Asker: 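Okay, here's the structure, questions in a sec.
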Amino acid sequence: MLNHRGGRIPVFVLLFTLCLAAFAGAEETPFAPLVERTLSFFRPLSADVVSFEDGSLRINAGSERGVVKGMRLVVLRKGEYFYHPVTRERLGRFERPIGLMEVVEVDEGGSTGRLIQGEAEKGDLVRMSATRRRLLFYQDDRVDYYLADAYYRELKGSGRFDIVDAPNKAMGRERLLQLAASEKAEVILVLTSETKDGKRHLRQTLLWDDGTVLAEDSVEIPEGFLKGLRFGSELLLAVENEPLLSYDLSYGAELLGAGDVNGDGRPELVMSSGMDIRIYSYEGGLGLLHKIDVGGDERIVWMDLHDLDGDGREEIFLTAITSDHERVNSYVYRLEGGRLLPLWKTEGFVRVLDGRVLYQGYSTVEGYSGPLLELEYDGGFRKAGRAVPLEGINIYDFVSFKDREGRRLYLYINEENQLVLLNTEGLPIWRSPDDMGGFVKEFAREAPTIMVDRGNWHIPDRMVINNNEAMVVKREPLVEQATTIGYKSSELHAYWYNGMGMEDSVLIDDIPGELLDYSVHGDRIVVLSRPLLGIKAENILKGENPFVTLLRIYSLRGR
């Protein structure tokens, strides 16, 4: 068995995997009751309608045959008999669906339900078929990713569901119902997490596609079980670190975002070289949909995608600096008919964070200038009050998340390239032992004379919160203490709060050269990087263009 570097997987990894499999076979996981509860609503069943009056049905199956309250059964009308074509033996009767019932009361020998669609009469059948059900799986950002992933795998392993992943972003019930309708999912599973008396609980809500709550349940998750999931994921990293898809781009893309920008219900990749915007489809292959030149003397240095008005289509947020570094301007666009429709422009920096749009001013002397403000949008933009009351932290420096008690924490990268964790009051409570390797985008501060060097200001690497974990880029310079020469490799790490400080694991290791940007969409990470010294040497041997940008798409499942 080979790992992604072509070497053998260490024996201890194989031993650990075998031990884990043996444990899984001998012991139930803590969330086994949630799996059993979910399956209970979809067990195959057939029963007769013994009475029907005023929309209420009585069937001859109850708890002894697995009927549970909330279950929905198809009502079938019996038709003509059908026979064997040779022996003429009666084989059965034709059946046609005529309605849908929901069980509202269950006793040992029978059940009562209400007719929610169609019609019914005494003598009809009701049935839950053995076919797989289509289920929309959604986890909010309080759920530990490794925990949700293990639950997802166990649920899928039951063989009863075709599971569709909802995007890993804040989504209300109405948006989930819309997504379920577009994905033709008949049931929605919502996972949340909460802490009671210092203990972690996984909470599940099941909804039918019309918004009716089917069930709400929770189980306690031992901390040791969660640590075991993380440890196992780390050991198997070498096996699972291969990209799902790889592309060589023949132009100098620098910025990346993933989201639905044209409103077709499918995600697109939005990339920029700094001078243009290119929009690609990437389901079933990378296909260019639109190329839009931005023009002017500005270079785009930051890009976000965000759905401003909740219509399911994400707007494009751009921040650009002029060639003489005299001005920084930010723009909000909507894609309309293959063109960028401008919605707003302002001087200064703009960023989307936690579903909020943040603003900070620009100064040629300092770079970032003034407080962070939140932008309010109600058809137009307005600068509201101070958004993050933390001194010395600029607009792209940080991310925020919550601890188990719901308190807000801030993780930022300081001038020494170290990660620092701040509590709600803005006091440091943790610092990374080493630096993260440097930055890609740096700009000189304006000085009164050429004899004075006031240093640089920089745009740090993107940090993303996914399922209450911070994704952070770590770089390895080509030459230590000389980051301006370039980077020989990059890594993408996940950091999470353990109650006292931060722990981390490697999501993607050994990314060749310079990681330029990345985006998280659903259960995938899309990574944009530049090979070592900007040249993919193997392309020279193939007679292909060696000056490429590398686009790699990785799976988050199992991490």
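Note that the structure is a prediction, hence the values are computed from the model and not measured. Just so you know, residue 1 is the first one in the sequence shown, and it goes up from there.
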Asker: Would you indicate whether the side-chain heavy atoms of F381 and L308 approach each other to under 4.5 Å?
Answerer: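 With C-beta onward as the side chain, the pair touches.
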Asker: Quick one: are I459 and T319 in side-chain contact, heavy atoms under 4.5 Å?
Answerer: no
Asker: Have Q204 and Y151 got a donor and an acceptor in their side chains that come within less than 3.5 Å?
Answerer: yes
Asker: Would you say that more than 12 heavy atoms from the other residues, nucleotides or ligands in this model lie under 6.0 Å from the NZ of K156, or not?
Answerer: no
Asker: Any luck finding a side-chain donor-acceptor pair between Y331 and E298 under 3.5 Å?
Answerer: yes
Asker: Are Y247 and L269 packed together at the side-chain level, in the sense that at least one heavy-atom pair is separated by less than 4.5 angstrom?
Answerer: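 Sidechains of L269 and Y247: no contact.
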Asker: Could you pull out all residues at least two apart from D260 that satisfy side-chain hydrogen bond (donor to acceptor under 3.5 Å, both in side chains)?
Answerer: none
Asker: Just verifying a value: how many Å separate E314 CD and L335 CG, rounded to the nearest 0.5 Å?
Answerer: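 It is 12.0 Å, given to the nearest 0.5 Å.
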Asker: Using 0.5 Å steps for rounding, measure from the NZ atom of K474 to the CD1 atom of I511.
Answerer: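 Reported value, rounded in 0.5 Å steps: 13.5 Å.
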Asker: Scan for salt bridge (Lys or Arg N to Asp or Glu O under 4.0 Å) pairs involving residues 335-352, sequence neighbours excluded, and state none if there are none.
Answerer: R313-E336
Asker: Applying ring-ring contact (aromatic ring centres under 6.0 Å, His included) as the test, list every pair that has at least one member in residues 292-313; sequence neighbours left out.
Answerer: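 Non-adjacent pairs meeting ring-ring contact (aromatic ring centres under 6.0 Å, His included): W302-Y396.
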Asker: Can you tell me how far CD of E183 sits from CG of D162, rounded to the nearest 0.5 angstrom?
Answerer: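 Rounded to the nearest 0.5 Å, the CG-CD separation comes out at 11.5 Å.
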Asker: Should H458 and E415 count as side-chain neighbours, where that means a heavy-atom distance under 4.5 Å?
Answerer: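 Yes, close enough: below the 4.5 Å cut-off.
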Asker: What's the spacing between I188 CD1 and M171 CE if we round to 0.5 Å?
Answerer: 9.0 Å
Asker: Only counting residues at least two apart or in another chain, list the ones meeting side-chain hydrogen bond (donor to acceptor under 3.5 Å, both in side chains) with D140.
Answerer: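 With sequence neighbours excluded, D140 shows a side-chain hydrogen bond (donor to acceptor under 3.5 Å, both in side chains) to R142, given in chain and number order.
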Asker: So do L256 and L516 actually touch side chain to side chain, heavy atoms under 4.5 Å?
Answerer: no
Asker: Do you know the tightest heavy-atom contact between W208 and E186?
Answerer: CE3-O, 3.4 Å
Asker: Look up atom CG in L528 and atom CG in L249, then write down how far apart they are to the nearest 0.5 Å.
Answerer: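 Between atom CG of L528 and atom CG of L249 there are 6.5 Å.
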Asker: Is K441 atom NZ crowded by more than 12 heavy atoms from other residues, nucleotides or ligands, each under 6.0 Å away?
Answerer: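 Count over threshold, so yes.
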Asker: Quick one: are V328 and V301 in side-chain contact, heavy atoms under 4.5 Å?
Answerer: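 Contact flag for V328/V301 side chains = no.
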Asker: Test salt bridge (Lys or Arg N to Asp or Glu O under 4.0 Å) on D293 and R278 and set out the steps.
Answerer: CA-CA 9 Å; D293 291 323; R278 302 191 192 201; over 6 Å; no
Asker: Over all heavy atoms of both residues, which pair between G406 and K402 is shortest? Give the atoms and the distance, please.
Answerer: O-CD, 3.7 Å
Asker: How would you list, by chain and number, every residue that makes a side chain to side chain contact (heavy atoms under 4.5 Å, CB included) with E254, sequence neighbours excluded?
Answerer: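 Scan of E254 (side chain to side chain contact (heavy atoms under 4.5 Å, CB included), adjacent residues dropped) gives R299, R530.
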Asker: Checking N466 against I525 for the side chain to side chain contact (heavy atoms under 4.5 Å, CB included) test, could you report, in this order, the C-alpha distance in whole Å, the side-chain angles of both residues, the deciding distance, and whether it holds?
Answerer: CA-CA 11 Å; N466 187 58; I525 304 178; over 6 Å; no
Asker: Strictly distance-based, threshold 3.5 Å: is any side-chain N or O of D461 a donor or acceptor partner for the main-chain N or O of V473?
Answerer: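 A pair under 3.5 Å: no.
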Asker: To check you understand the geometry: which heavy-atom pair defines the closest contact between L550 and P531, and what is its length?
Answerer: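 Nearest heavy atoms, L550 then P531: CG-CD, 4.0 Å.
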Asker: Can you list everything that forms a side-chain hydrogen bond (donor to acceptor under 3.5 Å, both in side chains) with R134? Sequence neighbours excluded, please.
Answerer: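 In terms of side-chain hydrogen bond (donor to acceptor under 3.5 Å, both in side chains), with neighbours along the sequence ignored, R134 is linked to no residue.
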Asker: Any idea which heavy atoms bring P433 and Q418 closest together, and the distance?
Answerer: O-NE2, 4.4 Å
Asker: Between I300 and M275, does a side chain to side chain contact (heavy atoms under 4.5 Å, CB included) hold up when you go through it step by step?
Answerer: CA-CA 7 Å; I300 302 168; M275 307 300 292; over 6 Å; no
Asker: Not counting sequence neighbours, which residues clear side chain to side chain contact (heavy atoms under 4.5 Å, CB included) with E391? List them please.
Answerer: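 Applying side chain to side chain contact (heavy atoms under 4.5 Å, CB included) to E391 gives R386.
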Asker: Side chains of V190 and L207, heavy atoms from C-beta outward: is any pair under 4.5 Å?
Answerer: yes
Asker: Taking the six-membered ring for Trp, is the centroid-to-centroid distance between W457 and F349 below 6.0 Å?
Answerer: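 Ring centroids of W457 and F349 are less than 6.0 Å from each other.
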Asker: Hey, mind stepping through L191 and Y152 against side chain to side chain contact (heavy atoms under 4.5 Å, CB included) and telling me if it holds?
Answerer: CA-CA 10 Å; L191 278 185; Y152 174 101; over 6 Å; no
Asker: Restricting to side-chain hydrogen bond (donor to acceptor under 3.5 Å, both in side chains), what partner residues turn up for S519, sequence neighbours left out?
Answerer: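 side-chain hydrogen bond (donor to acceptor under 3.5 Å, both in side chains) check on S519 returns nothing, list empty.
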Asker: Going by side chain to side chain contact (heavy atoms under 4.5 Å, CB included), name the residues that satisfy it together with D403, two or more places apart in sequence or in a different chain.
Answerer: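 Result, side chain to side chain contact (heavy atoms under 4.5 Å, CB included) vs D403: E405, R407, L409, Y497.
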Asker: Considering only heavy atoms from C-beta outward, does the side chain of M271 approach that of M303 to under 4.5 Å?
Answerer: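 No; the side chains remain at least 4.5 Å from each other.
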Asker: Return yes if some donor-acceptor pair links the side-chain N/O of S330 with the main-chain N/O of G348 below 3.5 Å, else return no.
Answerer: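 Pair found, side chain donor or acceptor close to backbone of G348.
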Asker: Hey, is the main chain of P460 close enough, under 3.5 Å, to the side chain of D397 for a donor-acceptor pair?
Answerer: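 Side chain of D397 to backbone of P460, a donor-acceptor pair under 3.5 Å: no, none is there.
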Asker: Is Y518 reaching over with its side chain to a backbone N or O of R462, donor-acceptor style, under 3.5 angstrom?
Answerer: yes
Asker: Give every donor-acceptor pair under 3.5 Å between a side-chain atom in residues 172-179 and any protein atom, sequence neighbours left out.
Answerer:
none

Asker: If you take all heavy atoms of Y362 and S369, which pair is closest and at what distance?
Answerer: C-CB, 3.9 Å
Asker: Nearest 0.5 Å please: distance from the CD1 atom of I413 over to the CG atom of N417.
Answerer: 5.5 Å
Asker: So, does D307 use its side chain to make a donor-acceptor pair with the main chain of D311 at under 3.5 Å?
Answerer: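 Judged by distance alone, yes, a pair lies under 3.5 Å.
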Asker: What side-chain donor-acceptor pairs closer than 3.5 Å can you find for residues 423-431, not counting sequence neighbours?
Answerer:
from: N423; atom 1: OD1; to: E425; atom 2: N; distance (Å): 3.0
from: N423; atom 1: OD1; to: G426; atom 2: N; distance (Å): 3.1
from: N423; atom 1: OD1; to: L427; atom 2: N; distance (Å): 2.9
from: T424; atom 1: OG1; to: R408; atom 2: O; distance (Å): 2.8

Asker: Suppose we screen for side chain to side chain contact (heavy atoms under 4.5 Å, CB included). Which residues come up paired with L289, at least two apart in sequence or across chains?
Answerer: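 So L289 forms a side chain to side chain contact (heavy atoms under 4.5 Å, CB included) with N262, E268, I279, S281.
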Asker: When you measure from the centre of the six-membered ring of Y282, is the NZ or CZ of R524 closer than 6.0 Å and no more than 45° off the axis?
Answerer: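 Output no; distance or angle outside limits.
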Asker: Indicate the atoms forming the closest heavy-atom contact of L318 with I316, along with that distance.
Answerer: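 It is CD2-CG2, 3.8 Å.
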Asker: Side chain of S272, backbone of D276: donor and acceptor closer than 3.5 Å?
Answerer: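 Flag set: sc S272 to bb D276 pair under 3.5 Å.
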Asker: Take a 6.0 Å sphere around NZ of K291 and say whether it holds more than 12 heavy atoms from other residues, nucleotides or ligands.
Answerer: yes
Asker: Pick from R445, R327, E326: which one makes a side chain to side chain contact (heavy atoms under 4.5 Å, CB included) with T364?
Answerer: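 Testing each of R445, R327, E326 against T364, the sole residue satisfying side chain to side chain contact (heavy atoms under 4.5 Å, CB included) is E326.
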Asker: Indicate yes or no for a side-chain donor-acceptor contact from S490 to the backbone of L515 under 3.5 Å, with no hydrogens or angles considered.
Answerer: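 At least one qualifying donor-acceptor pair exists.
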